[in-house]
Protein chains: 2
Amino acid sequence: MARKSLVGVVADELLDRIIAGDFPPGSSVPGELELSAKHEVSRMTVREAMKTLEAQRILSVERGRGTFVNPLNRWASLEAVLRAASEGQNEASASVQLIELRRMLETGACELAATRISDADIHALFGYVASMRQAHEVNDVAAFVDADLAFHDLILRASENVFVAVLFEPLHRVLEKRRAETSAVPTIQVHAIGHHQNIAEALESRNPAKAREAMDSHMQQTLDDLKTLVLGAP
Amino acid sequence: MARKSLVGVVADELLDRIIAGDFPPGSSVPGELELSAKHEVSRMTVREAMKTLEAQRILSVERGRGTFVNPLNRWASLEAVLRAASEGQNEASASVQLIELRRMLETGACELAATRISDADIHALFGYVASMRQAHEVNDVAAFVDADLAFHDLILRASENVFVAVLFEPLHRVLEKRRAETSAVPTIQVHAIGHHQNIAEALESRNPAKAREAMDSHMQQTLDDLKTLVLGAP
DNA sequence: CGTCGCCAGATGTCTGACAAGTCTACTTGC
DNA sequence: GCAAGTAGACTTGTCAGACATCTGGCGACG
């Protein structure tokens, strides 16, 4: 992603200035003419940038009055909120909150999947665990991560809840980098294999509470791993 | 909301056609010129409509090649996915899935809030329960709903997780109409008051598991109410 | 004193044009 | 004959200027 279109650049810069606090929530943003002069682009480019920010509910455009910044809790873009929440020394806090959110969605999906997952999918889950085990033995981190992701994706799909998948997708993108880091540690790999085995077995028993608990343990481990990785690095 | 801007209309109509299956995921959408002719608007209006859909990850615009429809699981807009999932006879299924999602977020937030909520906020929670009880006695549905919403909002804020609040906000908008319907039934009001009382007491005890369980019971009741309301209407 | 209308400034839309990327198919050179 | 190069058509990206329409405030008029 080397080059971006101008409207993307303008939207990014404008969002940066909003996050930096130049335009607090409720206040108005400079007019389209003023912005087009400052960024040395045409008014239309500014307008399209505004439209993208408006579609994410970051801005509210009111004809004849101006364009205003929405409060952060009305923003619809997880990425934008993440950028805003990661400002300064809050990066660690934001990471923890993301894992907390992932925990809610994954444990919930796992609980739902217990009563809906097919025999074939359960079989596939055990296959992924076997792949993780094998990848661990030959020290193939990429294969390990792939099997890990496939495992969780399958459970998400087996929950048969479209909205969970939709909400989880941006999380997926944000977290996948960190997952590659933690998954590179052999000890963590062993823990993960055990947890995944437990989850698959719990789903096989078709017991929602058990499935939820198994996934919850896994998430707790992930949260602990992240805490030691972020906070325990002197 | 009587009149909408033209770009809003074009974006809506285009989204309708996508949802109707005129342009399946992965396929390309008609060019800007063709669309501007069909909708009898200028190319720029079409472009701005496209930009809003692109910002919601419904479309992918590639310079020189065309504009393409993303698969539904990449869409970033809960509302758009809801519209797509509610097509045909899936409206009941979509409603149930929404409640399932709300259940995950609210139970998770309640569990987190148990260890983070302040004494003052707990006091406020009991105050809202008292308001609900009073509104029930004088049969004031609007006041009942207001106290109900305030109760849940406060817990959400007390979880101190920004991302949960962000993801919950669109859910809030979608569900608030239905909530007004179910909350009008006196029997359901009584149930809700009891559940809210239990939740407040569980949070007061600062026991995460207990708090989660109390909220889960409440969500289960809501789910049952909705099922009898949607499915039990001959 | 209240109401009406005008006006400045904001966004909404249109027209027309050119730039730049991509794919196809034809031309050209070997 | 074949492959490389290229011209063209089609796409989106950006620009310029203009006019329409809405909002809010200010002043003139009744």
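All chains are named by letter (A, B, ...) in the order of the sequence lines, taking the proteins before the strands, and each is independently numbered beginning at 1.
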* Under 30°, 30 to 60°, or over 60°: which ring-plane class applies to Phe151(A) and His196(A), parallel, tilted or perpendicular? -> perpendicular
* Spacing of Leu171(A) atom CG and Leu101(A) atom CG [to the nearest 0.5 Å] -> 4.5 Å
* Structure fact -> Rounding to 0.5 Å, atoms CD (Gln189(A)) and CZ (Arg133(A)) come to a distance of 12.5 Å
* Structure fact -> In short, Met104(B) meets Leu105(A) closest at the heavy-atom pair SD-O, 3.9 Å
* Specify the closest pair of heavy atoms between Thr107(B) and Arg103(B), including all atoms of both residues, with the distance to one decimal. => OG1-O, 2.6 Å
Heteroatom pairs (N/O) under 3.5 angstrom, protein to nucleotides 4-10 of chain C:
from	atom 1	to	atom 2	distance (Å)
dG9(C)	N2	Gly64(A)	O	3.4

* Side chains of Glu48(A) and Thr52(A): donor-acceptor distance under 3.5 Å anywhere? -> no
* Asked: Whole-Å distance between dT11(C) C1' and Phe68(A) CZ?
  -> 11 Å
* Which heavy-atom pair separates Ile19(B) from Ala80(B) by the least distance, and what is that distance? -> CD1-O, 4.2 Å
* Using a cut-off of strictly less than 4.0 Å between a heavy atom of the residue and any atom of DNA chain C, enumerate the qualifying residues of residues 35-50 of chain A by number. => Arg43(A), Arg47(A)
* **Met50(B) side chain near Lys51(A) side chain, heavy-atom distance below 4.5 Å** => no
